[in-house]
Amino acid sequence: MLVLAGAFAIWQRLGGWPEAWYRISRVDYFSAVMFGPDGTPNRHVKPMSDIKTHSMSQFQLGKKLYTINEENAARINGRPAWYFNQDDYNAIPIKHWNTGPKISPGLVYAAWQNKSLEEMHGIGRKRNNLPFLLVALFAFLVIIMLTVAAYYSYNSYCAVAPTHCGPPEFHG
């Protein structure tokens with residue numbers, strides 16, 4: 001049983017059916033990876049003899065034809081592989097899809113390591129609350145002083161003109 005489990009593990013490690021058979025028997029093969037409508041990849045392994053060369057190199061999978069292009073060939077287990085959308089005749093140009101300017105990974109890393117924005121905006125630094133506390137204390141003292149001044153002003157006014165202070169029943 002252990003020998004059978006070991007043989008099955010080796011078979012799966014070689015790619016399972018039919019890839020393991022092609023590898024053991026040294027048959028040239030290729031992989032076609034089809035992306036379904038939901039984006040799920042499905043890999044098909046086919047012998048190179050399935051590629052027909054007419055005006056273009058193409059192969060049949062199910063009832064559909066697909067064309068291959070050596071410029072867009074990737075490698076899976078050392079063998080050519082092409083990627084297709086399920087409803088597209090042409091292979092996805094995986095090597096040439098990003099033809100714009102190249103961005104160096106070192107440049108992106110250097111940007112993340114740059115501390116100038118952090119220093120400019122004070123990100124990560126503990127804020128000093130002392131100025132806010134001083135302004136709040138000053139405002140509180142001003143309110144207290146205005147309240148005391150209003151109280152003594154009213155008492156002084158009542159001492160000078162008692163007939164104008166208090167409720168009318170006390171003016172007797």
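If you read the sequence from its start, that first residue is 1, and numbering goes on from there.
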With sequence neighbours excluded, what pairs up with Tyr29 under the ring-ring contact (aromatic ring centres under 6.0 Å, His included) test? Tyr22
Decide if atom CZ of Arg26 counts as having more than 12 heavy atoms of other residues, nucleotides or ligands within a radius under 6.0 Å. no
Over 12 non-hydrogen atoms of neighbours within 6.0 angstrom of CH2 in Trp21: no
Would you give the length of the straight line joining atom CD1 of Ile24 to atom CG of Leu14, rounded to the nearest 0.5 angstrom? 5.5 Å
Strictly below 4.0 Å, N to O, side chains only: are Arg43 and Glu19 in salt-bridge contact? yes
Those residues at least two apart in sequence (or on a different chain) that pass side-chain hydrogen bond (donor to acceptor under 3.5 Å, both in side chains) with Asp50 are Lys46
The salt bridge (Lys or Arg N to Asp or Glu O under 4.0 Å) partners of Arg23 (sequence neighbours excluded) come to none
Would you please name every residue forming a salt bridge (Lys or Arg N to Asp or Glu O under 4.0 Å) with Asp88, sequence neighbours left out? none
With sequence neighbours excluded, tell me which residues meet side-chain hydrogen bond (donor to acceptor under 3.5 Å, both in side chains) with Thr40. Asp38
Using the rule that Ile, Leu, Val, Met, Phe, Trp and Tyr join whenever any side-chain heavy atoms are under 4.5 Å apart, tell me whether Phe30 and Val33 fall into a single cluster. no
With distance as the sole test, does Asn128 use its side chain to make a donor-acceptor pair with the main-chain N or O of Leu130 at under 3.5 Å? yes
Do Met145 and Val142 share a hydrophobic cluster, counting only Ile, Leu, Val, Met, Phe, Trp and Tyr and linking them when any side-chain heavy atoms are less than 4.5 Å apart? no
Tracing side-chain links under 4.5 Å among I, L, V, M, F, W and Y, which residues wind up in one group with Val3? none
Tell me if the CG atom of Leu141 is crowded by more than 12 foreign heavy atoms within 6.0 Å. yes
If you round to the nearest 0.5 Å, how far is CG of Asn72 from CD1 of Ile92? 9.5 Å
Would the distance check show the side chain of Gln60 and the main-chain N or O of Gly62 forming a donor-acceptor pair, the cut-off being under 3.5 Å? yes
Looking at Ser31 and Val45, would you say the former's side chain and the latter's main chain have a donor-acceptor pair under 3.5 Å? no
Is there a donor-acceptor pair under 3.5 Å between the side chain of Thr147 and the backbone N or O of Ile143? yes
Between Phe84, Trp82, Tyr89, which is the residue that forms a ring pair (Phe, Tyr, Trp, His ring centres under 6.0 Å) with Phe59? Phe84
Drop me the distance from Lys64's NZ to Gln86's CD, to the nearest 0.5 angstrom. 5.0 Å
How many angstroms lie between CZ in Phe35 and CG in Asn42, if you round to the nearest 0.5 Å? 10.5 Å
In one Ile/Leu/Val/Met/Phe/Trp/Tyr side-chain cluster, 4.5 Å: Trp11, Val27: yes
Take Asn90 and Asn69, measure what side chain to side chain contact (heavy atoms under 4.5 Å, CB included) needs, and give me the verdict at the end. CA-CA 8 Å; Asn90 294 315; Asn69 181 351; over 6 Å; no
